[in-house]
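Read the structure below first, then the notes.
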Amino acid sequence: MTTTASQHDVVIIGAGFSGLYAIHRLRDELGLDVVAYEAGNSVGGTWYWNRYPGARCDSESYYYSYSFSDELQQEWTWSSRYPAQPEILKYLDHVADRFDLRRTIQFETKVTRAEFIETADQWEVETSSGDVVRAKYIVSAVGCLSLRNAPGDHFKGLDDFEGDWYHTGAWPHDGVDFTGKRVGLIGTGSTGIQATPVIAAEADHLTIFQRTANFSIPARNAPLSAEETAEIKAHYDEIRDRCRNSSGGFPFYPSEMNANEVTDAERASTYEKLWDLGGFRFLAESYADLTIDEFANGTAVDFIGRKIHEIVKDPEVAAELVPFDHPYGTKRPPIDTDYYDTYNRDNVKLVNVRKAPIEEITAKGVRTTDAEYPLDVIVFATGFDAMTGALLDIDIRGRGGRTLGDAWEAGPRTYLGLQVAGFPNLFTITGPGSPSVLTNMPVAIEQHVDWVTECIQHMQSAGHQTIEANDDAQEAWVTHVAEAAEETLFPKANSWYVGANVPGKSRVFMPYVAGMDVYREKCNEVVANDYEGFEIA
Ligand code: N01
C-alpha cells in the first residue's frame with residue numbers, strides 16, 4: 001500500500017441514519033477531520049436503497065427519528081404514523097442539508113479494504129474509486145441489513161430469465177411499472193409482506209412464492225392530524241426519555257403480566273384491542289413472557305392464526321398462511337397494510353415452496369418441483385446477509401494482518417457489539433452483540449454513536465493512541481449474549497437473527513436480547529470503570 005495517503009482522524013463507512021449522526025458528532029462537536037464514504041449517490045442508507053412498492057417504516061415516525069436536536073424534531077412534521085420510504089428519505093436528506101453533512105461524504109464510493117498499520121497505529125483505507133487514506137479511527141456505519149441476499153446465489157437459471165427481475169433492496173429509482181404484467185414475488189418477510197398488496201393492486205397477476213409463513217400484524221397506518229402532531233411535539237422530551245429507558249427503544253407501556261395470569265377471555269380481549277391498535281404494541285404491550293414462554297407465545301400464535309382464517313376467505317389458502325414452525329416474535333414481526341386481505345383477490349395466487357421447492361428460474365418464469373409459473377417480472381424479497389454481511393464484504397485486517405473473516409469464522413465475536421479484539425480503533429455501530437435490530441433502530445444508533453463519540457473524545461484529550469477490546473472481555477460478552485438468547489424463544493426460529501437465511505453462515509444468535517435499557521447501563525458502567533474490558537494505549 002502507498003505511504004502517501006491523505007490523513008484524517010476518522011473514516012466513517014456509510015451515510016444512513018448511523019453515518020449521518022456520526023459525522024455530525026465527530027466532525028461538528030469534536031472538531032475532528034472526518035471523511036465518510038457512501039456507496040449510493042446520496043444519503044439515506046436503507047431508505048436510499050429500499051424503494052420497493054409499499055416500503056414504509058414498521059415503527060411510528062415520531063419515535064423512528066433522531067432525538068439529538070430539539071430544533072430538528074420541532075421543525076420536521078411527519079405526515080402519518082408509518083411514513084412511506086420517500087418521506088423518510090426526504091427527512092434524511094433534510095438532516096444532511098440542515099447539518100451540512102454532505103460536504104464530508106464521498107458518494108458512489110465503497111470502502112473495499114481497511115488495514116491496521118501497527119507501526120503507525122493507523123488504519124489505511126482503500127476505496128472503490130482508488131483512493132487510499134489513513135485515519136486513526138474507523139466508524140463502521142454500514143447498516144445491519146444492507147448486503148443483499150443475491151438471488152443469483154440462491155436460484156439456478158436466473159441468467160436465462162427473459163423477463164425483468166429486481167431485488168427489493170436495490171429497487172430502480174424510477175420505479176417499476178407492473179401494469180398488465182404477471183409478477184412473481186419470492187419471499188414473505190417484512191419486505192414481501194409490504195410489497196404484496198401494492199403489487200397485486202397494479203399487476204395483472206401476482207404469484208407469491210412462500211417458503212415460510214410469517215406472522216403479520218396490521219399497521220393501522222393513518223395520517224397524523226395537526227392536533228396529534230402538536231401533542232407529540234409538546235411531549236418530545238418525555239417520549240424520547242421513555243424510548244431511551246425502555247427495553248426495545250419504543251415509547252410503549254410494556255405489560256408486566258404473564259399470559260397465564262389471566263383468563264382466556266381476558267387474553268382474547270387484550271389481543272383484540274392490540275390487533276385493532278396495530279403495530280409492535282401487539283408484541284410489546286400484551287404479555288411480559290411472550291418471547292420467553294411457550295404457553296404464552298402459543299396464545300398469541302393461536303390468536304393470529306384465527307385472525308388469518310377470519311380474513312382469508314379460502315380456508316386452504318388461510319391454512320397455508322398460518323405459521324407453524326416458529327414462535328411469534330422470534331423473527332422481526334412484519335407490520336402490514338391489507339396483507340392477508342390481498343389473498344382474497346382473484347389475481348393473486350399463493351404457492352407453498354416449502355412443499356414444492358423452487359427448482360430453478362427458467363426463461364419463462366419459476367419452476368417448482370410441482371409446476372412452472374410463467375412470469376414477466378420476478379421480485380426477490382429474499383432479504384439480507386444480516387448484521388455481519390456488509391462488514392465482511394470489506395477486506396478488513398487488524399493486528400498481525402488477521403482478517404475480520406478469520407476472526408468471525410465461527411460467527412461474530414465482539415465486545416458490546418462495539419469493537420472486535422485485535423481490531424483497534426474500529427467501532428461498529430449497532431454491531432452484532434448489541435441490541436441493534438431488536439430495537440427501534442434510531443435509539444440504538446444514537447446510543448452507539450454517543451458512546452463512540454465520548455470514547456474518542458476521551459482518547460483524544462488523554463493523548464491515547466489505541467483502544468481495543470480485550471480477548472477475555474470479548475469472550476465473556478459473547479458468552480453472555482448467547483446465554484441471554486438461550487433464555488428466550490428467539491433461537492428457535494430459523495431467522496436472519498441467527499444467520500439461517502444465508503447458506504453456510506454459522507448459526508449464532510447475533511443481537512443482544514436483554515434490552516436497550518440493560519445494555520445502555522452496561523455501556524455506561526464500562527466507561528465509569530475506566531473503559532473496563534478495553535485496552536487503551
Ligand atoms: O427479509 P427476510 P426482508 N427460496 O429475511 C425468503 C427489515 N425490514 O427483506 O423465511 C425461497 O425477513 C425467506 O424465506 P424463509 C426488518 O427488520 C423492515 O423481508 O427464509 N424463499 C423470507 O420469507 C426485516 O426483518 C421493514 O424460509 C426464500 C424472505 O425471503 C428485515 O428488514 C420493511 C429464499 C426474506 O425475508 C429483512 O426483511 C422491510 C429462497 N432461496 C424490511 N431465500 C420495515 O421497517 C429467502 N427466502 C417495515
Side-chain angles (χ1 to χ4, degrees), residues 17 45-47 49-61 64 81-85 88 143-156 158 166-171 184-196 198 207-219 221 278-280 321 323-326 329-337 339 350-361 366 368-369 378-387 389 430 436-442 444 493-503 505 510-511:
F17 256 101
T46 285
W47 300 104
W49 296 104
N50 286 272
R51 297 165 189 248
Y52 59 85
R56 60 177 71 244
C57 196
D58 60 7
S59 308
E60 290 165 82
S61 49
Y64 185 87
R81 288 181 71 187
Y82 299 94
Q85 172 271 334
I88 304 172
C144 296
L145 293 155
S146 45
L147 188 74
R148 292 179 284 281
N149 234 341
D153 297 346
H154 290 259
F155 303 102
K156 204 167 66 174
L158 184 57
Y166 308 93
H167 189 285
T168 49
W171 203 255
L185 173 70
I186 302 179
T188 51
S190 302
T191 301
I193 282 174
Q194 285 188 328
T196 291
V198 185
T207 306
I208 295 125
F209 298 91
Q210 171 191 275
R211 188 166 69 180
T212 306
N214 217 326
F215 299 96
S216 190
I217 303 292
N221 188 31
F280 285 150
L321 287 166
F324 63 90
D325 65 348
H326 63 280
T330 54
K331 294 183 167 197
R332 175 106 178 174
I335 306 296
D336 71 274
T337 302
Y339 176 63
L350 178 67
V351 173
N352 183 332
V353 296
R354 171 79 61 107
K355 284 185 182 155
I358 295 173
E359 279 198 324
E360 62 174 343
I361 310 292
V366 169
T368 69
T369 51
I378 304 175
V379 175
F380 293 95
T382 45
F384 304 87
D385 182 350
M387 303 207 73
T430 62
S436 71
V437 292
L438 296 176
T439 71
N440 172 31
M441 285 304 282
N494 285 325
S495 64
W496 56 257
Y497 293 150
V498 296
N501 62 331
V502 176
K505 190 164 174 173
M510 295 183 282

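Nothing here was measured: the structure is a model prediction, and the numbers come from that model. In this chain, residues are counted from 1 in sequence order. Note that ligands are numbered from 1 as they come in the structure, with each ligand's atoms numbered from 1 the same way.
- The Phe384 neighbourhood of ligand 1 comprises atoms 9 (O), with distances under 4.0 Å to a heavy atom of that residue.
- Of the protein's non-hydrogen atoms, the one nearest atom 43 (N) of ligand 1 is Arg211 NH2, 3.5 Å.
- For Leu145, every heavy-atom contact with ligand 1 shorter than 4.0 Å involves the side chain, none the backbone.
- Heavy-atom contacts of Cys57 reach the following atoms of ligand 1: 45 (O), 48 (C) (cutoff under 4.0 Å).
- Only the side chain of Phe155 comes within 4.0 Å of ligand 1, counting heavy atoms alone; its backbone N, CA, C and O stay farther away.
- Note that the CD atom of Glu359 and the OG1 atom of Thr368 stand 7.5 Å from one another [nearest 0.5 Å].
- The closest protein non-hydrogen atom to atom 1 (O) of ligand 1 is Gly383 CA, 3.2 Å.
- Residue Tyr64 places every heavy atom at 4.0 Å or more from ligand 1.
- Proximity of a side-chain donor or acceptor of Arg354 to a complementary backbone N or O of Arg211 within less than 3.5 Å is detected.
- Between His167 and Phe384, the angle of the ring planes goes over 60°, which puts this pair in the perpendicular group of the 30/60° scheme.
- Interatomic distance, Ser61 OG to Asn221 CG, rounded to the nearest 0.5 Å: 8.5 Å.
- Within the 4.0 Å heavy-atom shell around ligand 1 one does not find Tyr82.
- At distances below 3.5 Å, at least one donor-acceptor pair connects side-chain atoms of Tyr497 with backbone N or O atoms of Arg332.
- Distance alone, capped at 3.5 Å, places no donor-acceptor pair between the Lys331 side chain and the Gly189 backbone.
- On a distance-only criterion, Gln194 and ligand 1 share no N/O pair closer than 3.5 Å.
- Results of the side-chain hydrogen bond (donor to acceptor under 3.5 Å, both in side chains) test with His154 over Asn149, Thr382, Asn501 single out Asn149 as the only residue that passes.
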Checklist entry - Hey, mind stepping through Glu60 and Tyr82 against side chain to side chain contact (heavy atoms under 4.5 Å, CB included) and telling me if it holds? => result CA-CA 5 Å; Glu60 290 165 82; Tyr82 299 94; 3.6 Å; yes
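- Note: Ile217 CD1 to Ile193 CD1 = 10.0 Å, rounded to the nearest 0.5 Å.
- Considering only non-hydrogen protein atoms, atom 36 (O) of ligand 1 sits nearest to Gly189 CA, 3.5 Å.
- When each atom of ligand 1 is checked for a heavy atom of Arg332 under 4.0 Å away, the hits are 16 (C), 17 (O), 25 (O).
- Taking 4.0 Å as the cut-off, Arg56 counts as a neighbour of ligand 1 on heavy-atom distance.
- The protein heavy-atom contact nearest to atom 19 (O) of ligand 1 is Thr191 N, 2.9 Å.
- At the shortest separation from atom 15 (P) of ligand 1 among protein heavy atoms lies Thr212 OG1, 3.3 Å.
- The closest approach between a heavy atom of Lys331 and any atom of ligand 1 is below 4.0 Å.
- Without hydrogens or angle criteria, Thr212 side chain to Thr188 main chain gives no donor-acceptor distance under 3.5 Å.
- At the top of the distance list for atom 24 (C) of ligand 1, counting protein heavy atoms only, stands Ser190 OG, 3.5 Å.
- Regarding atom 2 (P) of ligand 1, its nearest protein heavy-atom neighbour is Trp496 CD1, 3.9 Å.
- Using a 4.0 angstrom heavy-atom cutoff, Thr188 counts as in contact with ligand 1.
- Below 30°, between 30° and 60°, or above 60°: for Phe215 and His326 the angle between ring planes is above 60°, a perpendicular geometry.
- Among all protein heavy atoms, the one lying closest to atom 45 (O) of ligand 1 is Asp58 N, 3.1 Å.
- Here Ile335 contributes atom CD1 and Phe280 contributes atom CZ; the two are 4.5 Å apart, rounded to the nearest 0.5 Å.
- Looking at ligand 1, you'll find an N or O of Ala381 within less than 3.5 Å of one of its N or O atoms.
- With a 4.0 Å cut-off on non-hydrogen atoms, Tyr52 touches ligand 1 through its side chain and not its backbone.
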Next on the checklist: Run Leu321 and Gln210 through side chain to side chain contact (heavy atoms under 4.5 Å, CB included) and show every step you take.
Outcome noted: CA-CA 9 Å; Leu321 287 166; Gln210 171 191 275; 3.5 Å; yes
